[in-house]
Trainee: 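One structure follows; several queries about it will come next.
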Amino acid sequence: MNLTSVKIEKPEEINFILGQSHFIKTVEDIHEALVTAVPGIKFGLAFSEASGDCLVRWTGTDEAMIELARKNAQGIGAGHSFILFLGPGFFPVNVLNAVKMVPEVCRIFCATANPVEVLVAETEQGRGILGVVDGFSPKGVEAEDGIAWRKSFLRQIGYKL
């Protein structure tokens with residue numbers, strides 16, 4: 001078995017969701033879940049089929065996000081994984097529950113705009129995702145001024161009253 005780290009390639013501000021699912025229907029069902037949850041959403045989705053033709057299946061509403069999804073799915077190369085890139089101004093917090101409710105979705109590895117490395121195991125059979133390194137290691141523990149900043153920031157961007 002070989003272990004590899006695959007860096008997700010994307011613009012800094014772009015959010016994405018990386019997950020595992022189990023059926024070719026994933027592509028259409030996640031698409032429908034997204035456009036139902038957030039009308040007008042811009043996204044690109046790629047799903048790596050794990051049997052049959054073993055193709056990277058894809059869909060989306062934004063060409064740039066679709067291209068990011070296809071490119072990163074091919075780089076990861078793990079069967080039954082999917083990667084969903086959200087266009088600028090769209091965030092996982094608004095669609096994550098809808099994605100998790102898609103019957104084919106087995107797990108979510110991450111939902112982030114951070115730099116991410118996907119930890120991949122490769123055997124004679126194929127490749128699988130072991131986990132992710134999402135962002136950076138903690139540099140300390142939040143103090144009172146950090147708590148005040150966090151609470152203020154969440155209210156400033158409209159996620160708290």
Side-chain angles (χ1 to χ4, degrees), residues 1-22 26 29-30 33-48 60-62 64-123 126-161:
M1 174 173 57
N2 294 318
L3 299 178
T4 309
S5 172
V6 178
K7 290 185 180 183
I8 298 298
E9 296 181 25
K10 66 174 199 62
E12 185 176 334
E13 73 280 1
I14 296 297
N15 281 273
F16 73 97
I17 298 170
L18 176 66
Q20 184 176 34
S21 62
H22 70 88
T26 300
D29 287 358
I30 290 178
L34 292 169
V35 298
T36 301
V38 181
I41 190 168
K42 302 292 183 197
F43 71 93
L45 170 67
F47 166 74
S48 296
T61 61
D62 181 275
M65 297 301 105
I66 291 169
E67 184 54 33
L68 277 176
R70 288 192 297 227
K71 178 181 177 181
N72 281 280
Q74 286 180 296
I76 295 166
H80 278 171
S81 63
F82 69 87
I83 191 161
L84 166 64
F85 284 90
L86 302 174
F90 296 98
F91 304 98
V93 70
N94 302 118
V95 297
L96 191 55
N97 280 338
V99 171
K100 289 191 290 188
M101 292 302 296
V102 171
E104 301 87 54
V105 172
C106 302
R107 75 174 50 177
I108 301 294
F109 291 105
C110 67
T112 187
N114 290 333
V116 168
E117 294 180 27
V118 182
L119 306 176
V120 176
E122 185 169 5
T123 68
R127 297 177 87 176
I129 297 173
L130 298 179
V132 299
V133 177
D134 182 349
F136 308 99
S137 297
K139 297 176 183 171
V141 176
E142 182 179 54
E144 291 299 321
D145 61 334
I147 294 169
W149 175 87
R150 172 174 40 89
K151 289 181 176 185
S152 173
F153 175 71
L154 291 173
R155 283 149 184 80
Q156 176 186 344
I157 63 173
Y159 280 100
K160 294 288 184 176
L161 296 176

Trainee: Of the non-hydrogen atoms in I66 and F43, which two are nearest, and what is the gap between them?
Mentor: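 Heavy atoms of I66 and F43 come nearest at CG1-O, 4.1 Å.
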
Trainee: Can you give me every donor-acceptor pair (side chain of residues 69-89, partner residue at least two apart or in another chain, under 3.5 Å) with its distance?
Mentor:
{"unit_1": "R70", "atom_1": "NH2", "unit_2": "E67", "atom_2": "OE1", "d": "3.0"}
{"unit_1": "K71", "atom_1": "NZ", "unit_2": "E9", "atom_2": "OE1", "d": "2.8"}
{"unit_1": "N72", "atom_1": "OD1", "unit_2": "E9", "atom_2": "N", "d": "2.8"}
{"unit_1": "N72", "atom_1": "ND2", "unit_2": "E9", "atom_2": "O", "d": "2.9"}
{"unit_1": "N72", "atom_1": "ND2", "unit_2": "L68", "atom_2": "O", "d": "2.9"}
{"unit_1": "S81", "atom_1": "OG", "unit_2": "A78", "atom_2": "O", "d": "2.6"}

Trainee: Looking at every non-hydrogen atom in both residues, tell me the closest pair between F16 and N114 and how far apart they are.
Mentor: CE2-O, 4.2 Å

Trainee: Any side-chain heavy atom of D29 sitting closer than 4.5 Å to one from V105?
Mentor: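 The answer is no, as the side chains (C-beta and beyond) never meet within the 4.5 Å cut-off.
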
Trainee: Quick check for you: to the nearest 0.5 Å, what is the distance between E104 atom CD and T26 atom OG1?
Mentor: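 Reported value, rounded in 0.5 Å steps: 4.5 Å.
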
Trainee: When you measure from the side chain of K10 to the backbone N and O of E12, does any donor-acceptor pair fall under 3.5 Å?
Mentor: yes

Trainee: Which pair of non-hydrogen atoms, one from G131 and one from F109, has the smallest distance, and what is that distance?
Mentor: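 In this case the closest contact between G131 and F109 is CA-CD2, 4.3 Å.
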
Trainee: Any chance you could measure D62, atom CG, to L45, atom CG, to the nearest 0.5 Å?
Mentor: 13.0 Å

Trainee: Take V118 and I8, measure what side-chain contact (heavy atoms from CB on, under 4.5 Å) needs, and give me the verdict at the end.
Mentor: CA-CA 7 Å; V118 182; I8 298 298; 3.7 Å; yes

Trainee: Find out whether L119 and V133 are in side-chain contact, i.e. whether some heavy atom of one side chain is under 4.5 Å from a heavy atom of the other.
Mentor: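 They are in side-chain contact.
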
Trainee: For the side chain of T61 and the backbone of G40, is there at least one donor-acceptor N/O pair under 3.5 Å apart?
Mentor: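 Checked: no pair found.
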
Trainee: Roughly how far, to the nearest 0.5 Å, is NZ of K151 from NZ of K160?
Mentor: 9.5 Å

Trainee: Looking at A113, is its backbone amide N or carbonyl O close enough to the side chain of N15 to form a donor-acceptor pair, meaning the two atoms are under 3.5 Å apart?
Mentor: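 Looks like yes, one N/O pair under 3.5 Å.
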
Trainee: Determine yes or no for a side-chain-to-main-chain donor-acceptor pair under 3.5 angstrom, with R127 supplying the side chain and A121 the backbone.
Mentor: no

Trainee: About how many Å separate CD1 of I17 and CG of L34, when rounded to the nearest 0.5 Å?
Mentor: 7.0 Å

Trainee: Would you say CD of E144 has more than 12 non-hydrogen atoms from neighbouring residues, nucleotides or ligands within 6.0 angstrom?
Mentor: no

Trainee: Determine whether a donor-acceptor pair (N or O, by modelled atom type, separation under 3.5 Å) exists between the side chain of K7 and the backbone of P115.
Mentor: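 Between the backbone of P115 and the side chain of K7 there is no qualifying donor-acceptor contact (under 3.5 Å).
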
Trainee: Measuring from atom CZ of R107 to atom CG of L18, what distance do you get when rounded to the nearest 0.5 angstrom?
Mentor: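 R107 atom CZ to L18 atom CG measures 10.5 Å (nearest 0.5 Å).
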
